[in-house]
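Just so we're on the same page: letters track the sequence lines, and every chain starts at 1.
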2 protein chains.
Amino acid sequence: MSQLARVWGGHIMTECSSDAANNPLIRKLEGFTALSDADRITLARISAEPRQVVPGTDLVREGDAPDGVFLVMKGMAFRHKLRATGTRQIMAYLVPGDLCDLDVALLSEMDHTITAVSACEVVRLTPEMVADLLANHPQIARGLRKAQLVDEATLREWLVNIGRRSAAERLAHLFCELLLRMRAVGLASGDSYELPVTQIDLADTTGQTPVHVNRTLQELREQGLIELRSRRLKILDLPRLRALAEFRPNYLHLGDQAAA
Amino acid sequence: MSQLARVWGGHIMTECSSDAANNPLIRKLEGFTALSDADRITLARISAEPRQVVPGTDLVREGDAPDGVFLVMKGMAFRHKLRATGTRQIMAYLVPGDLCDLDVALLSEMDHTITAVSACEVVRLTPEMVADLLANHPQIARGLRKAQLVDEATLREWLVNIGRRSAAERLAHLFCELLLRMRAVGLASGDSYELPVTQIDLADTTGQTPVHVNRTLQELREQGLIELRSRRLKILDLPRLRALAEFRPNYLHLGDQAAA
DNA sequence: CGAACTTTTGATATCACTCAAGGGACGTGG
DNA sequence: CCACGTCCCTTGAGTGATATCAAAAGTTCG
């Protein structure tokens with residue numbers, strides 16, 4: 001927010017992120033449901049021409065009329081709200097493969113803002129494209145709906161996190177969650193991944209003060225649990241970090257292709 | 001949780017909540033979209049035979065395979081999670097007209113529990129019924145999808161509430177939100193409504209301690225903002241309560257039938 | 001190389017938690 | 001209809017985790 005915050009204009013650039021195995025959307029949906037070759041081709045086509053977006057760009061702003069659905073292909077973005085008093089709460093991270101709500105076009109007005117934290121590649125899907133996917137590609141539809149349920153479940157888990165865990169536990173939990181989500185789209189190497197956020201962002205995520213986040217991170221480092229430098233997080237002792245956070249990944253519904 | 005927590009068995013009883021204007025589901029959806037007479041008849045039929053449920057009954061439990069969608073017709077329920085340490089976080093209230101996630105059948109396992117707080121009337125919609133509504137009743141589908149978006153937006157607002165507001169502000173915000181939601185289904189009289197929760201529940205909702213909730217409620221009472229007795233909340237000074245909570249109802253998307 | 005931002009440190013304040021116990025309400029059974 | 005148990009609400013005293021305020025040190029980048 002203190003950032004430059006330019007609005008996403010008519011932007012630049014191509015670059016084909018097609019190669020199916022590297023397409024985070026395809027990877028993610030395949031974690032949720034079986035896709036046909038035709039499905040993969042459809043998804044690859046849709047996500048073929050992302051726009052490059054500069055850090056700090058608002059993808060949509062609170063008060064805007066929603067205009068299609070955003071899909072993040074690279075980089076990281078988050079949803080957040082600003083209160084009148086100036087405090088901010090971050091309510092979700094969007095990592096590659098993530099979309100914002102499928103049916104958002106039903107609403108007349110956005111109730112929060114989505115901002116790119118790092119340089120991102122983003123695709124905008126028109127309401128028509130979304131409708132086509134949902135109507136004519138049942139497996140894709142299934143995957144997308146499931147992804148949305150997981151987004152909601154994640155929100156609930158964040159509520160538990162902020163409502164009922166201590167400062168250190170909150171951060172630990174966040175780090176564990178993001179590791180799994182980054183892994184699911186092939187963006188973690190071992191137990192480390194890009195985490196392009198400031199300590200201020202972490203504070204606004206976990207409902208704390210930047211100062212306290214700083215001290216808490218130091219604790220986690222001293223205990224040999226993590227390393228966090230130059231926008232990259234390395235988890236040094238995942239089992240202990242998970243135990244500390246009491247992290248149970250069931251709410252992410254990874255690898256449960258089952259169900260009716 | 002300390003409650004008896006019997007599992008919802010094959011339960012009793014009928015009683016026809018049909019009369020369209022009193023059907024909370026119909027009222028709620030009409031706030032979101034225009035319904036035809038046929039739509040109203042469909043909805044009335046679906047919700048015609050609620051089961052009576054005793055306070056403390058778990059409608060679904062974490063770990064269960066989801067089996068259809070619940071619709072609350074009367075009373076109040078909430079979603080919550082228990083941590084291993086015994087602490088609990090309530091993540092949503094379900095008031096009459098509310099459903100749990102439409103697509104929940106896509107998941108193999110529930111990641112949280114839903115419990116009736118008061119005596120409730122509840123309808124279980126089978127996955128087939130839900131599919132039929134979504135496929136063959138476009139306006140109903142639209143209303144239901146919108147309702148789901150609002151549920152998600154509400155979750156985000158709760159995150160702001162817990163993450164960034166003081167004890168008094170949190171309670172004030174919750175009370176304001178519930179007033180609007182109860183009004184939307186015709187269950188508020190003036191500025192008061194049934195609120196069948198204990199102070200312990202309020203603590204688990206707002207991420208606080210019961211003791212502190214108690215003291216905070218006393219403050220709100222002393223300031224002439226509310227009255228809370230025998231499971232009924234009366235808001236004495238709504239403007240001041242709203243101001244205290246910095247309550248902006250935009251996230252509830254009430255009365256915006258607009259949008260593409 | 002300088003400006004803007006971020007991270008770190010120190011000192012102090014406070015809001016909310018903990019522990020503990022008393023009082024009230026409500027229901028059940030004798 | 002009283003006695004008793006069980007929740008729930010209330011109060012008090014003491015503590016602790018996290019916030020606040022302020023400033024220095026480190027980074028990043030144009």
Can a donor-acceptor pair be found, under 3.5 Å and without considering hydrogens, that links the side chain of [X] to the backbone of [Y]?
{"X": "B/R83", "Y": "A/R164", "answer": "yes"}
{"X": "A/D204", "Y": "A/D201", "answer": "no"}
{"X": "B/R79", "Y": "B/I90", "answer": "no"}

So if I take residues 157-176 of chain B and measure heavy-atom distances to DNA chain D, which residues fall below 4.0 Å?
none
Give one of base, sugar-phosphate or nothing for A/L217, where a contact means two heavy atoms less than 4.0 Å apart.
nothing
Contact class for A/R231 vs. all strands (heavy atom < 4.0 Å): base, sugar-phosphate, or nothing?
sugar-phosphate
With a 4.0 Å cutoff (strictly under), does any side-chain N or O of [X] reach OP1 or OP2 of [N]?
{"X": "B/N214", "N": "D/dC9", "answer": "no"}
{"X": "B/Q218", "N": "D/dT11", "answer": "yes"}
{"X": "A/R221", "N": "C/dT8", "answer": "yes"}
{"X": "B/Q199", "N": "D/dT10", "answer": "yes"}

Is it the case that the side chains of [Y] and [X] hold a donor-acceptor pair, with the cut-off being a distance below 3.5 Å and no angle test?
{"X": "B/N161", "Y": "A/Q89", "result": "no"}
{"X": "A/H80", "Y": "A/R88", "result": "no"}
{"X": "B/D58", "Y": "B/T113", "result": "no"}

Heavy atoms of B/R61 and B/M110 approach each other most closely as O-CB, 3.5 Å
Candidate nucleotides C/dT18, D/dA19, C/dT9, ranked by approach to the side chain of B/R215 - the nearest:
C/dT18
Side-chain atoms of A/V211 come closest, of D/dA19, C/dT6, D/dA22, to D/dA22
Cationic N near anionic O, under 4.0 Å, B/R232 to B/E227:
no
Given pairs defined as Watson-Crick or G-U wobble with both distances under 3.5 Å, what dot-bracket annotation applies to DNA chain D, with ( ) intrastrand, [ ] crossing, | other strand and . unpaired?
|||||||..|||||||||||||||||||||
Starting from C1' on D/dC9, measure out to CG on B/L220 and report it in whole angstrom.
16 Å
Does the side chain of A/V123 reach to within under 4.5 Å of the side chain of A/M73, using non-hydrogen atoms?
yes
Are B/Y251 and B/R156 side-chain neighbours, meaning at least one heavy-atom pair lies under 4.5 Å?
no
Nearest-0.5 Å distance, OH of residue B/Y193 to CG of residue B/L178
4.5 Å
Dump the pairs, protein N or O against N or O of nucleotides 23-29 of chain C, anything under 3.5 Å, distances to one decimal.
none

